[in-house]
Amino acid sequence: MSDRFFPNPMPEFIPETTPSTQQELQESLTVTTGDSLHKLLAMPHIPLSERLKRASLDLKETIVMETWGITGQRVTDFTLYCGLLGTAFLLFKSYHVTRNTNDLTLCSQIIKSCDAASLFSRDVTFICGRAGVCALGAVAAKHAGDDESLRYYLTQFLKINLPKDLPDELLYGRVGFLWACLFLNKHLGQGTVPSNYTAPIVNEIIKNGRALGRKGKCPLMFEWYGEKYWGAAHGLAGIMHVLMDMELKPDELEDVRETLKYMTRICFRSGNYPVSEEDKKRDALVHWCHGAPGVALTLVKAAKVFGDKEFLDAAIEAGEVVWSRGLLKRVGICHGISGNAYVFLSLYQLTGNVKYLYRAKAFACFLLDRAHNLISQGEMHGGDRPYSLFEGVGGMAYLFLDMVDPSQSKFPAYEL
């Protein structure tokens, strides 16, 4: 199992050191090779966040060149997960942090190409489908003051038809489309996608979940390709995560609550979670897509929605798993260190405990200090699509930008 992750070499806590002179401050801001991890961990927030921001902006330029420039602006994969929309999403994040309008302009150009490439796609979700293109396109257009494009993307979004055989999960299914609706409502105003539009989709999800849930002790259960997955990408954690943001009847909300309680009762002694209902003995994966990280993010939301200490305690326990086994030998958001860092950011926002801010900082510093060398030496997997948002260094760049203001960080395309 240890071949999946690096042993965590970082102390439980290192107090920050405050530069006493202007020269010390300038030295702390200077990017040099061979910085020790310990030195980075001791850095105060402002100089460290500046280091992380600079590293992210350098990465962003490389990612744009590799995914957009070198390809001659051709779209071979339009998706947010591993394609060009992920580059656009990173540019949109960079625009929010730096207010560099060039990022917003390039973001809009890339979305336009993704729009053309996705026009006849049958995939409908935010992360892997047409809904992501239209939703991000509309929000980017709003920020750019481009009313014509805003109307176009909203019209295109409402033309998306959900196939009858659509699964219910996040990456390719109904809740992945609902997340796009939530994204639009957050950024363009409640009612942009009205509840009477989303209600039939929610009803179908609840109906499907109850039909399968009756066969076991869990009120709601879902299948994807014959497997009853538990994780964020394809299973219970991701579906419950989105349902908690929808308008639910009291009995439906109670089913969500009891489903999450079922999960916390069946977790491994370690605090980690099974990949699926059928595989409750293999305590192996500590990823956002499968295992404690994705479940922890959902439990944090459950603690906010329901106010149950049980969910907070379970989220904290899952966070301990991520701290001990979450330095994965992969860099990305979906199944890498970058995604796992968001567990600590989410716990920090919920509890205010600086221990979790330190842990997020520690994972980010580990990446800043060692990721490039570990990838070049073959000790860390850089992702099958090495510049993508969910598998590659795009996710690392996004995390670094989120570390500028940790109180506002959100796991991309999962937390609202």
Side-chain angles (χ1 to χ4, degrees), residues 59-96 101-163 170-173 176-184 186-188 192-193 332-334 383-395 397-398 412-414:
L59 264 177
K60 178 200 69 177
E61 295 302 319
T62 301
I63 291 164
V64 169
M65 179 59 67
E66 292 288 341
T67 62
W68 182 243
I70 290 177
T71 63
Q73 303 181 5
R74 292 192 306 274
V75 183
T76 56
D77 182 342
F78 70 82
T79 69
L80 187 93
Y81 188 88
C82 274
L84 261 173
L85 196 67
T87 301
F89 203 69
L90 175 61
L91 286 162
F92 188 63
K93 177 68 176 179
S94 179
Y95 163 72
H96 274 288
T101 55
N102 291 333
D103 285 339
L104 183 60
T105 299
L106 183 54
C107 169
S108 299
Q109 290 174 0
I110 291 175
I111 294 170
K112 187 176 181 180
S113 292
C114 291
D115 172 55
S118 66
L119 200 56
F120 301 105
S121 173
R122 294 187 74 252
D123 293 319
V124 299
T125 65
F126 190 89
I127 295 176
C128 290
R130 174 96 175 130
V133 176
C134 298
L136 184 58
V139 173
K142 175 69 178 294
H143 281 270
D146 184 350
D147 291 341
E148 182 181 350
S149 291
L150 172 59
R151 287 191 297 271
Y152 168 77
Y153 285 119
L154 283 177
T155 300
Q156 288 295 308
F157 185 89
L158 294 173
K159 287 182 179 179
I160 295 173
N161 291 314
L162 274 59
L170 184 74
L171 256 61
Y172 297 101
F177 178 78
L178 288 178
W179 199 93
C181 299
L182 293 167
F183 180 81
L184 284 170
K186 176 186 177 180
H187 290 279
L188 301 183
T192 301
V193 183
I333 286 282
C334 183
D384 294 328
R385 282 42 114 32
Y387 300 101
S388 65
L389 182 66
F390 267 68
E391 285 191 358
V393 293
Y398 199 98
Y414 196 58

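Please read these numbers as outputs of a predicted model, since none were measured by experiment. Position 1 is the first residue of the sequence, and the numbers go up from there.
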What are the two closest non-hydrogen atoms of [X] and [Y], and how far apart are they?
X      : Y      : result
Thr79  : Ile127 : CB-O, 3.7 Å
Ser108 : Ala140 : OG-CB, 4.1 Å
Gly395 : Ile333 : CA-CG1, 3.3 Å
Ala141 : Ser149 : CB-CB, 3.8 Å
Ile63  : Ala397 : CD1-CB, 4.3 Å
Ala138 : Leu184 : CB-CD2, 3.9 Å

Is the backbone N or O of [Y] less than 3.5 Å from a side-chain atom of [X], with the two atoms forming a donor-acceptor pair by type?
X      : Y      : result
Trp68  : Ile110 : no
Thr125 : Cys128 : yes
Thr101 : Leu104 : no

Under a 4.5 Å cut-off applied to non-hydrogen side-chain atoms, are [X] and [Y] in contact?
X      : Y      : result
Leu188 : Leu150 : yes
Val139 : His143 : yes
Leu84  : Phe78  : no
Cys334 : Tyr81  : yes
Ser113 : Gln73  : no

In chain order, what residues pass the salt bridge (charged side-chain N to carboxylate O under 4.0 Å, His left out) check against [X], with sequence neighbours excluded?
X      : answer
Asp146 : none
Asp123 : none
Lys112 : none

Say you draw a straight line from [atom1] of [X] to [atom2] of [Y]; how long is it, rounded to the nearest 0.5 Å?
X      : Y      : atom1 : atom2 : answer
Cys134 : Leu119 : SG    : CG    : 8.5 Å
Phe89  : Tyr398 : CZ    : OH    : 4.0 Å
Leu389 : Cys82  : CG    : SG    : 9.0 Å

- Message: Determine whether Gln109 and Thr105 satisfy the following criterion, side chain to side chain contact (heavy atoms under 4.5 Å, CB included), listing intermediate values before the conclusion.
- Response: CA-CA 6 Å; Gln109 290 174 0; Thr105 299; 3.7 Å; yes

- Task: Using the salt bridge (charged side-chain N to carboxylate O under 4.0 Å, His left out) rule, collect all pairs that involve residues 65-92, keeping only residues at least two apart or in two chains.
- Result: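 Sorted result for residues 65-92: Asp77-Arg385.
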
- Identify the residue among Leu80, Leu90, Asp115 that makes a side chain to side chain contact (heavy atoms under 4.5 Å, CB included) with Leu85.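 Output: one option passes, namely Leu80.
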
- Task: Would you please indicate yes or no on a ring centroid separation below 6.0 angstrom for Phe126 and Phe183?
- Result: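 Yes, the ring of Phe183 comes within the 6.0 Å limit of the ring of Phe126, centre to centre.
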
- Message: For residues 82-96, which residue pairs pass the side-chain hydrogen bond (donor to acceptor under 3.5 Å, both in side chains) check, not counting sequence neighbours?
- Response: Thr67-Thr87, Lys93-Asp402, Ser94-Asp103, Tyr95-Arg99

- Around Tyr387, counting heavy atoms of other residues, nucleotides and ligands shown, do more than 12 lie under 6.0 Å from its OH?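 No, not enclosed.
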
- Message: Is it the case that over 12 heavy atoms from other parts of the model lie below 6.0 angstrom from the CZ atom of Phe92?
- Response: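 Count over threshold, so yes.
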
Between side-chain atoms of residues 153-162 and protein atoms elsewhere (two or more places apart, or another chain), which donor-acceptor pairs fall under 3.5 Å?
from	atom 1	to	atom 2	distance (Å)
Thr155	OG1	Arg151	O	2.8
Gln156	OE1	Arg130	NH2	2.8

